[in-house]
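Both counts, for ligands and for their atoms, begin at 1 and track the order of listing.
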Amino acid sequence: MQFKSLGDKRQVVSLSEAVFKGLADDGSLFMPEEIPALSDEFFQKLPGMSLPEIAFSVLKPFVSEDLSEDELREMVESTFSFPIPLKPVNDHIHVLELFHGPTQAFKDVGARFLSRLMSKLHPVTDKKMVVLTATSGDTGGAVAHGFYKVPGIDVVVLYPDGKISPYQQNQMTSLGHNIHAIAVDGAFDDCQRLVKQAFNDRELRGEVAVTSANSINLGRLLPQMVYYFQGVARFMEQNGQQPPVVCVPSGNFGNITAAVIAHRMGLPVKRFVAATNVNDVVLRFLKSGNYDPKDTIVTLANAMDVGDPSNWPRLFELYNQDTEQLKREVAATVVNDGEIKETIKEVFSKNSYLLDPHSATGYLGLSRQLKGEETGFFVSTAHPVKFLETIDAVLPGEAEKIREEFGDAFRVKGTHETMDNSYSKLKEYLLKM
Ligand SMILES: *Cc1c(COP(=O)(O)O)cnc(C)c1O
């Protein structure tokens, strides 16, 4: 399979090029040239398949020109080595828990697969390969753990000094080996600017192969399809073979795009719901037909604080850029901070299920959109341990229990470099690595 640019569709590249470039030369996103349909035989076997087996069948058509079957098998076994269970919350609503990976967030799936893909595809040269990432907290941990001890690749994560939680800091600084954490004296924007400067520095790139691991990378997007296959199969076993309505808490819209691609490959889903926080560009678009991005608003579901979702062009393209077609299959709903808190409280008291703020948008979004006797599931994108400040505010006793359970993770440990926010220091560091 080859991958096309969403801008100039005549520009097609190999998987390897799409993964290492991230964006096409015209600045657009890459998309698979076609979306293959899975066989009836696959769907018959699906209920009995393990996650790595599902991943192998689903991903094979996308990677078969670049990887051998053995390579793919090894990659999916090491990526999908934690459970992704479907659990009932109440009579109508189930939850697919995506947070059982090493950093307790769904981004572990994409980061782990991407790291293994890069390690396999990376051309043999004597240049050192460095994945350079700026993080405001969450992505850095997933990328650091995803690439931990992956041969031939070093990771440098820049984060704003003193502006992330000890819990998040530990996820990046306590690994060592090929993972290098740098606390930058400045804000997240400074970290991003430094990364951009490095990417634009020809002299540096002559010496060091720098690459990125951000969320528009196809190597992160494609593996996110896999858990929807298992989630839907389990759901249909438990609910009389009715396809579910599926709700995805959305920020950059990568996770829901993966779900829609899975559906195009044949996965039965009744409808999709994209639940966002008050960063509501997509809901406004579906109402007015005008795509009008606004500045980002800070919310309790802060991993979804996105004013202009980077994967939106992919999702829109899946519906031929036709709003009416899209609206038949995808609804959007907006959940504000007050509703997030209420939902966490209510679902805990009625169903004894503790939601994190992101998953709370998923639960409420789904319960609003289910009609009559419809049933479905939402995906839970993070464990509440990652957002304890909010749990503290609504259910302090539960927050305390989690703090005890995860105790050690809250004590600062590990090592990091500190750096002022000038590019020359970063460059010197990268050249000396
Ligand atoms: C990144 C993230 C999201 C949003 O996922 P997208 O693919 O960007 O829509 C939701 N919840 C959590 C916890 C996240 O980290």
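Taking a cutoff of 4.0 Å between a charged side-chain nitrogen and a carboxylate oxygen, Asp322 and Arg328 do not qualify as a salt bridge.
Among residues two or more places apart in sequence or in another chain, the ring-ring contact (aromatic ring centres under 6.0 Å, His included) test is passed with His122 by none.
Of all the atoms in ligand 1, the ones that sit under 4.0 Å from a non-hydrogen atom of Gly254 are 6 (P), 7 (O), 9 (O). Interface atoms of ligand 1 facing Ala382, defined by a heavy-atom separation under 4.0 Å, are 13 (C). Within ligand 1, counting atoms from 1 as listed, the ones closer than 4.0 Å to a heavy atom of Asn255 are 7 (O).
Among all non-hydrogen protein atoms, the one lying nearest atom 14 (C) of ligand 1 is Lys107 NZ, 2.8 Å. Nearest protein heavy-atom neighbour of atom 4 (C) of ligand 1: Gly251 N, 3.6 Å. Atom 11 (N) of ligand 1 has as its closest protein heavy atom Thr381 OG1, 2.8 Å. Counting protein heavy atoms only, atom 5 (O) of ligand 1 is closest to Phe106 CZ, 3.4 Å.
With no hydrogens or angles considered, a side-chain donor-acceptor pair links Asp26 and Ser28 at under 3.5 Å. Using a 3.5 Å distance cut-off with no hydrogens or angles, the side chains of Asn277 and Asn336 do not pair a donor with an acceptor. No side-chain donor-acceptor contact under 3.5 Å links His383 and Asp356.
When Thr139, Thr257, Val379, Asn252 are ranked by how near their heavy atoms come to atom 6 (P) of ligand 1, first place goes to Asn252.
Judged by the 6.0 Å distance and 45° axis criteria, Arg368 is not positioned over the aromatic ring of Phe378.
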